[in-house]
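Worksheet for the structure shown next.
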Amino acid sequence: MENVRVRFAPSPTGALHIGGVRTALFNYLFARKNRGTFILRIEDTDQNRFVDGAESYIKEALNWCGLIPDESSEIGGDYGPYKQSERKEIYQQHVQHLLDSDHAYYAFDTPEELDEMREKLKETKATNQQYNSVTRMSMKNSLTLSVEEVEEHIKSRQPYVIRMKIPLKEEVRIHDIIRGWIVVHSSTLDDKVLMKSDGFPTYHLANIVDDHLMKITHVIRGEEWLPSVPSHVLLYRFLGWEDTMPKFAHLPLILKPDGNGKLSKRAADKAGFPIFPLNWKDPQTNDLSQGFKEEGYLPEALINFLSLLGWNPGTEQEIFSLKELEDAFSLEQVNKAGTKFDIDKIRWFNEQYIRSLDSGLLANQLIANLEKIGHVCEKESAVAIVELLKDRITFPSDLTDLSLIFFEEPIFFDEKVVRKKLTAETNNALSLFAKVMSEKDALSAEEIRKLFSITLNDAGINPGSVMQMLRVCLSGGSSGPDLMGVMQILTPKKSSERILHSLDQVKHLIKD
RNA sequence: UCCCGCAUGGUCUAGUGGUUAGGAUUUCUGGUUUUCACCCAGGCGGCCCGGGUUCGAUUCCCGGUGCGGGAACCA
């Protein structure tokens with residue numbers, strides 16, 4: 001394949017959301033797979049929607065995900081600037097070319113006049129209410145006004161836009177790598193605004209000009225762009241660039257969990273999961289949105305999950321590192337249907353990745369978290385606790401809650417278990433075991449297991465029958481980590497004390 | 001309303017003109033674990049509907065329905 005160049009082109013109108021991350025990921029993977037170049041371009045042509053901090057947020061988020069661009073405004077590159085607000089003269093130049101070749105025209109209609117036109121068309125039950133090849137002849141533009149009038153308008157600083165002159169009758173064929181051929185009639189297209197009255201280009205113009213100038217070979221983006229591709233193809237043609245036009249691939253959208261509509265922040269809030277990679281504080285409302293990172297998701301899990309949203313490897317492999325994805329990815333394996341966001345699946349991925357995380361690392365986090373609530377924990381026992389708990393948690397922070405049994409005496413005891421399991425015999429057996437344990441110093445879990453078994457067997461009691469009660473004595477609850485491991489970390493002496501103390505608390509419930 | 005797209009268990013998906021339609025997740029059950037979890041095994045559950053082509057259609061074609069996207073001086 002030719003020298004592949006792709007771009008991720010977000011606009012800094014807020015935090016980058018999960019759908020954007022997926023688009024960035026697929027661009028990145030496609031670039032890596034084909035030994036191409038991944039470019040980050042900031043599309044900040046809308047001055048009204050500009051949000052402070054959004055651009056740096058986007059960069060930080062991509063960084064956290066490991067999707068590092070090869071070219072960007074920060075990193076540089078041979079095709080800059082990579083920010084559209086810094087490319088205004090370039091667009092001006094090209095729109096002039098379109099004006100000169102009669103593919104674009106000035107339009108002086110005010111927003112009120114446009115509304116009026118649409119209202120009128122609605123009343124006449126026109127099939128659509130567009131500014132297009134038929135309606136433009138009754139509007140105020142350089143097609144209907146004389147050359148002198150146009151000059152006069154411009155000279156007197158009347159606001160105007162530059163619109164694209166869509167041909168009346170033409171079939172526009174577009175090819176999409178994921179969807180195949182699509183045919184659209186130009187009569188259904190409107191005369192898109194190319195240049196706004198503030199002198200900034202619209203997305204349509206800027207994106208074509210930049211993709212051409214930056215030698216983009218493949219445009220990979222969300223399906224919401226599919227309807228505007230015909231206009232884009234026409235633009236390439238009018239600018240004389242159709243031969244080198246990039247190939248298109250429109251990704252299926254990520255939908256709300258219930259499947260009705262594009263995934264939105266609102267929907268994510270409602271369903272109780274994050275939508276932004278990192279925490280985001282909206283500078284306008286001051287609302288803080290919790291990010292995937294801060295919720296405890298690992299970037300590897302997020303990326304792995306996202307990679308399988310609309311793409312599949314064609315094999316049954318599910319766990320992929322970014323590196324593996326770079327080798328396995330292909331646009332041909334991207335499917336067409338929209339994808340509902342399933343929070344259970346990403347939780348599962350997180351669990352998988354947490355298990356492969358270094359215990360020392362998790363232990364450090366655990367120590368810090370415990371310190372916040374006033375518990376001191378040595379590194380060595382923190383590592384032991386992590387080892388014991390690692391495969392039972394979804395988020396690293398779950399460790400803190402689960403490890404509380406090592407630092408706090410149980411206060412509540414699972415009554416169901418106590419009522420069912422606590423007999424005089426159980427009581428005696430556990431007391432006996434506690435006594436034996438009180439005489440020991442450090443023991444491994446395996447040694448404790450043996451000791452437990454021998455002690456109970458010698459007393460003629462089935463060890464299995466007292467297990468649940470032992471758990472309640474040690475932790476208060478009826479489920480939790482391996483008991484022998486718990487006692488090892490607790491130390492035999494402490495375990496012994498705790499068993500006796502707990503028995504004392506519940507002994508009034510002994511049944512005969 | 002118009003334009004465009006899409007349709008395999010609840011969810012993510014593989015796949016085929018003839019298959020017991022495969023995997024993952026979720027959930028349930030059993031096994032293992034003298035405890036809990038992991039793990040292992042199993043169960044429930046699916047080709048949107050109608051027509052056509054065909055010996056045979058989930059697969060190809062047409063229509064319908066449903067769902068999604070778009071219809072800005074937003075991207």
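The analysis underlying the following values was restricted to heavy atoms, covering all of them including side chains, and did not include hydrogens, waters or symmetry mates. Chain letters run A, B, ... following the sequence lines, proteins first and then strands; every chain starts at 1.
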Write down the partner of [N] under the Watson-Crick or G-U wobble criteria, each distance required to be under 3.5 Å.
N	value
B/A7	B/U65
B/G56	none
B/C39	B/G31

- Query: Roughly, in whole Å, what's the span from CD1 in A/I454 to P in B/U34?
  - Reply: 14 Å
- Query: What nucleotide among B/C36, B/C73, B/C67 has an atom nearest to a side-chain atom of A/S479?
  - Reply: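 Within the option list, the nearest is B/C36.
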- Nearest to the side chain of A/Q130, which nucleotide is it out of B/C3, B/A71, B/A75?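 Looking only at heavy atoms from C-beta outward on A/Q130, the closest nucleotide is B/A71.
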- Query: Taking for each residue the nucleotide of RNA chain B bearing the nearest heavy atom, is the 5' side occupied by A/E351 or by A/P463?
  - Reply: A/E351
- Item | Donor-acceptor pair present, A/R179 side chain and B/C6 base, under 3.5 Å |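 Such a pair does not exist between side chain and base.
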- Message: Would the base of B/U25 count as contacting A/D342 through its side chain, where contact means a donor and an acceptor less than 3.5 Å apart?
- Response: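 No, no donor-acceptor pair under 3.5 Å.
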- Message: Any base atoms under 4.0 Å from A/D191, or only sugar-phosphate, or nothing? Heavy atoms, all strands.
- Response: nothing
- Task: Hey, could you give me the OG/CD1 distance between A/S495 and A/I489, rounded to the nearest 0.5 Å?
- Result: 10.0 Å
- Message: How close do A/L234 and A/P167 get, counting heavy atoms only, and between which atoms?
- Response: CD2-CD, 4.1 Å
